[in-house]
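Being a predicted model, the structure only gives us computed values, none of them experimental. Atoms considered below: every heavy atom in the structure, side chains included; atoms not considered: hydrogens, waters and symmetry mates.
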Amino acid sequence: MKIAVLVKQVPGSESALPLSPNEKWIDESSVTFVMNPPDNFALEEALLIKEKNGEGEVVVISMGPSRIQKVIREALAKGADRGIQIEESDDIEKDPLTVGKKFASVLKEENFDLVLSGLQSDDTGMGQTGVLIGELLGMSTATLAIKTEVKENKIKVKRELESGWFQWVELPLPASISIQSGLNIPRYPSLKGIMGAKKKEIKEILLSAQNQLSNLQSMDKVSIPQTSKQTEVIEGDTEAIVARIVDVLKKDIKVI
Amino acid sequence: MDTLVVLESSRGSLHRLSKEAIAGAKSLGGTVSVLTIGKDADSIAQELSGVQLDEILIVKNEYVESYNADGYAEIVSQVIQSESPKNIVLGHTYQTRDFVPRVSARLDIPFIPDIISLSESSFVKQVLNAKLNASISSTNDQVILSFQSAAFSDESLEAGGSEVRLLNINLDSTIVRSKSEDPFQEEAGDVDLESAEILVSVGRGIEKEENIPIAFELAKVLNAEVSASRPVVDAGWIDSFRQVGSSGSNVAPKLYFSLGVSGAIQHVVGMKGSKSILAINKDPDAPIFEIADYAVIGDVLEIVPKLIEALENS
Ligand SMILES: Cc1cc2nc3c(=O)[nH]c(=O)nc-3n(C[C@H](O)[C@H](O)[C@H](O)COP(=O)(O)OP(=O)(O)OC[C@H]3O[C@@H](n4cnc5c(N)ncnc54)[C@H](O)[C@@H]3O)c2cc1C
Ligand SMILES: Nc1ncnc2c1ncn2[C@@H]1O[C@H](COP(=O)(O)O)[C@@H](O)[C@H]1O
């Protein structure tokens, strides 16, 4: 069983997000990056499938500038066998169809049985890359997976539907499946894993110029959302904050 | 045809977001037709009989009695090819996430997802966990758009009627490769979040499992129930039946008191109907403050223990 896991590096949920001077994206110089949270669950699921099968290969693939080597290394430390970095300039690709096509051109060579990705990336949040790749490579697809069971040439997936409903779907392999958070408990890398990861291969792929794709959609500008709601801001030292909250609960909302 | 809205059935009736998508489609200008697929198609067409639309297109086929990604990707692609709409519009639902990217890849039409509003010729979508808005535009003649919950109000829909047209689509068994079982619900937990007057809701800002009891103590003095965001449930710190949001419960208590919840849309859709929202977050730019009535900027772990003390003494 040859499994690809797509792991994206994204700004951490508590990172500063200053706008870049041209206001097309953020200025990455003061951003702290982490592994996209659902991708961490996808990686764990791939490792569990391999361990259960007793054989196979888990290849972690990421696209972006050189900073993303950090998340590839992190995945290797957790147990992935090798890594592939699809190199990109500093400006990350924001057209999902172009992202999908670039991944598909690299994945095609490898003949994976299974491609696992996160349901959605925390930065651009397009929520479509795994499905695009599946379609481009002629694989079957499923999204919002919260349980997987691999069988001979098939995978059974429990999908999350809206408002507390679920559904089982059985797909023939090869398949591209996007993973919802919470389906397992991602491991931490062991010291041995961290040491071992240094020796594992990360192949760097620079897509050639003739592979340049024209974007069909573009992100033209980012801005800070404006609110219209009347909000009372409560801040200061802890004592003052607590006193005001008690007051609000008593006099404004009247719940105590 | 200017705009085609692809409708969704939610257990037999029109999905709420499909109705909002029709309203969104109207705001794009031009003619609006809708497509409904499967065994509920007639009753959904009936539901829309009082709404001003250009046409209601119906597809019925044994392979798409109920939803499956293979069949829907094929049918919607075929209809787009034969009808050539400029815009293809949907609600941003789980079903949309599941099959629409396949249509986008198959026909090489860009898919701009999860739109919250329109601005001139571009579409606005939240990025970076709702901390920023992005304007996205398409350079293609045709574009697929999905609208986030509540981006448009279905109250604005004009009364009227429309023609119904049955489309003949060829599908054979080789196209539907996956086997979908019937949807089911799991046993509910023993708390009823939906009827709680006050909810103390825990987010990842509680930092670790050992801090969870603080939330339960605060709930106790306030006579409240405890709810949680998804990451807290995923980590196993709180039972899943306490989750609020698109994949959890939809709540509207008198007071929603959140502790270290950032305010991602998938959480907010489940609680924005609350009468009062009081949020504690140490980040003054946290998106939850955009919908909060009371924005408490500070550390949950410092404020809440002191607050419990003060409430016990008062
Ligand atoms: C299809 C889909 C469905 C989803 N369904 C749901 C759902 O049903 N429910 C749901 O909740 N989410 C859901 N999510 C996930 C959602 O997108 C967010 O990831 C999630 O809501 C974030 O949870 P959080 O606010 O607890 O964590 P974070 O986003 O990590 O936020 C933590 C917050 O705590 C603050 N903080 C940190 N430490 C402290 C401290 N000491 N004191 C005060 N504040 C602090 C931080 O500033 C931050 O704002 C879904 C996602 C997808 C893609
Ligand atoms: N540049 C990237 N590098 C690695 N994985 C990616 C990249 N972009 C998207 N993905 C994968 O696709 C998933 C969905 O991303 P998106 O469609 O951008 O929301 C992510 O969770 C990742 O698993």
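With a 4.5 Å cut-off on non-hydrogen atoms, A:T141 touches chain B through its backbone and its side chain both. Heavy atoms of B:K275 lying under 4.5 Å from chain A are absent altogether. At a 4.5 Å heavy-atom cutoff, B:I116 makes no contact with chain A through either its backbone or its side chain. Of the atoms belonging to A:P11, it is side-chain heavy atoms, and not backbone ones, that fall under 4.5 Å from chain B. Looking at B:A73, neither its backbone nor its side chain comes within 4.5 Å of chain A, counting heavy atoms on both sides. Only the side chain of A:L144 comes within less than 4.5 Å of a heavy atom in chain B; its backbone stays farther off. When heavy atoms are compared at a cutoff of 4.5 Å, B:N68 does not approach chain A at all. With a threshold of 4.5 angstrom between heavy atoms, A:V248 approaches chain B through side-chain atoms but not through N, CA, C or O. Interface remark: A:L97 contributes side-chain atoms only to the contact with chain B (heavy atom separation under 4.5 Å). Only the side chain of A:I241 comes within contact range of chain B, judged by heavy atoms closer than 4.5 Å. With a 4.5 angstrom heavy-atom cutoff, B:D283 does not touch chain A via any of its atoms. Within the 4.5 angstrom heavy-atom criterion, only side-chain atoms of A:Q120, from C-beta onward, approach chain B. Of the two parts of B:Q142, neither the backbone nor the side chain holds a non-hydrogen atom closer than 4.5 Å to a non-hydrogen atom of chain A. Looking at B:L278, only its side chain comes within 4.5 Å of chain A, counting heavy atoms on both sides.
The number of heavy atoms from other shown groups lying within 6.0 Å of CG (A:D252) is above 12. Within a 6.0 Å radius of CD in B:E181, other residues, nucleotides and ligands contribute more than 12 heavy atoms. Within 6.0 Å of CD on B:E120 lie no more than 12 heavy atoms contributed by other residues, nucleotides or ligands.
Side-chain atoms of B:Y294 and A:I245, non-hydrogen and from C-beta on, never get closer than 4.5 Å to each other. Looking at heavy atoms from C-beta onward, A:R244 lies out of side-chain contact with B:V296 at the 4.5 angstrom threshold. Using a 4.5 Å heavy-atom threshold, the side chains of A:S181 and B:P231 count as separate. The side-chain heavy atoms of B:I303 and A:V242, taken from C-beta on, include a pair separated by under 4.5 Å. B:R230 places a side-chain heavy atom less than 4.5 Å from the side chain of A:Q180. Taking 4.5 Å as the limit, some side-chain heavy atom of A:I26 sits within range of a side-chain heavy atom of B:L132. Within the 4.5 Å cutoff, the side chain of A:Q128 has heavy atoms near those of the B:F111 side chain. At a threshold of 4.5 Å between non-hydrogen side-chain atoms, the residues B:P101 and A:E135 do not count as touching.
At distances below 3.5 Å, not a single donor-acceptor pair connects side-chain atoms of A:E232 with backbone N or O atoms of B:A295. Not a single donor-acceptor pair under 3.5 Å links the side chain of B:R102 to the backbone N or O of A:G134. No donor-acceptor distance shorter than 3.5 angstrom exists from the side chain of A:E235 to the backbone of B:I297, with no hydrogens or angles considered. Between the side chain of A:T231 and the backbone N or O of B:A292, at least one donor-acceptor pair lies under 3.5 Å. Remark: side-chain polar atoms of A:K229 are not paired, donor with acceptor, to backbone N or O of B:F289 under 3.5 angstrom. No donor-acceptor pair under 3.5 Å is formed between the side chain of B:E290 and the backbone N or O of A:Q226.
Residue with the most contacts toward chain A among B:L222, B:D114, B:I112: B:I112 (heavy-atom pairs, distance under 4.5 Å). Per-residue heavy-atom pair counts under 4.5 Å with chain A were compared for B:D293, B:D299, B:N140, and the maximum is reached by B:D293. Across B:F257, B:F123, B:Y94, the residue that shares the most heavy-atom pairs under 4.5 angstrom with chain A is B:Y94. In terms of heavy-atom pairs under 4.5 angstrom with chain B, the leader among A:E23, A:K24, A:M219 is A:M219. For the set B:V103, B:I109, B:D108, the count of heavy-atom pairs under 4.5 angstrom toward chain A peaks at B:D108. Counting heavy-atom pairs under 4.5 Å between each of B:I277, B:D70, B:V100, B:T93 and chain A puts B:T93 at the top. In terms of heavy-atom pairs under 4.5 angstrom with chain A, the leader among B:S138, B:P183, B:P113 is B:P183. Put simply, of A:L161, A:L17, A:I234, A:I256, the one with the most heavy-atom pairs under 4.5 Å next to chain B is A:I234.
Close approach to chain A, defined as a heavy atom under 4.5 Å from one of its heavy atoms, is seen in B:S246, B:S247, B:G248 of residues 239-250 of chain B, taken by number.
Expressed to the nearest 0.5 Å, how far OG of B:S137 lies from CG of A:D220 amounts to 3.5 Å. Considering OG of B:S276 and NZ of A:K254, their distance stands at 10.0 Å, rounded to 0.5 Å. Annotation: the span from A:M126 atom CE to B:S104 atom OG amounts to 11.0 Å, rounded to 0.5 Å. One finds the CG atom of B:D182 at 14.5 Å from the CH2 atom of A:W168 (value rounded to the nearest 0.5 Å). Here A:S121 contributes atom OG and B:L128 contributes atom CG; the two are 9.0 Å apart, rounded to the nearest 0.5 Å.
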For this session: Could you walk me through whether B:T139 and A:N215 pass the side-chain contact (heavy atoms from CB on, under 4.5 Å) test, one step at a time?
Result: CA-CA 8 Å; B:T139 50; A:N215 284 355; over 6 Å; no

For this session: Evaluate side-chain contact (heavy atoms from CB on, under 4.5 Å) for A:W165 paired with B:R11, printing each intermediate quantity in order.
Result: CA-CA 11 Å; A:W165 288 75; B:R11 280 171 285 290; 3.4 Å; yes

Exercise. Given B:K179 and A:K156, is the side-chain contact (heavy atoms from CB on, under 4.5 Å) satisfied, shown in steps?
Worked result: CA-CA 9 Å; B:K179 279 196 226 109; A:K156 237 184 137 180; over 6 Å; no

Problem set entry | B:L255 vs A:L249, side-chain contact (heavy atoms from CB on, under 4.5 Å): CA-CA, chis, key distance, verdict | CA-CA 9 Å; B:L255 170 61; A:L249 295 177; 3.5 Å; yes

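Contact between B:A130 and A:P225 at its shortest, heavy atoms only, is O-CG, 4.0 Å. Closest approach of A:L132 and B:A105 over heavy atoms only: CD2-CB, 3.9 Å. Of all the heavy atoms in B:A134 and A:V222, the pair that sits closest is CB-CG1, 3.8 Å.
Between A:E14 and B:K131 there is no salt bridge, since no side-chain nitrogen of the basic residue lies less than 4.0 Å from a carboxylate oxygen of the acidic one. Looking at A:E162 and B:R16, no side-chain N of the basic residue comes within less than 4.0 Å of a carboxylate O on the acidic one, giving no salt bridge.
A side-chain donor-acceptor contact under 3.5 Å links B:D98 and A:T143. A donor atom on one side chain and an acceptor atom on the other are not found under 3.5 Å apart for B:N133 and A:S223.
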Got a list of side-chain donor-acceptor pairs under 3.5 Å for residues 305-314 of chain B, not counting sequence neighbours?
residue, atom, partner, partner atom, Å
B:N313, ND2, B:E309, O, 3.2
B:S314, OG, B:L311, O, 3.4

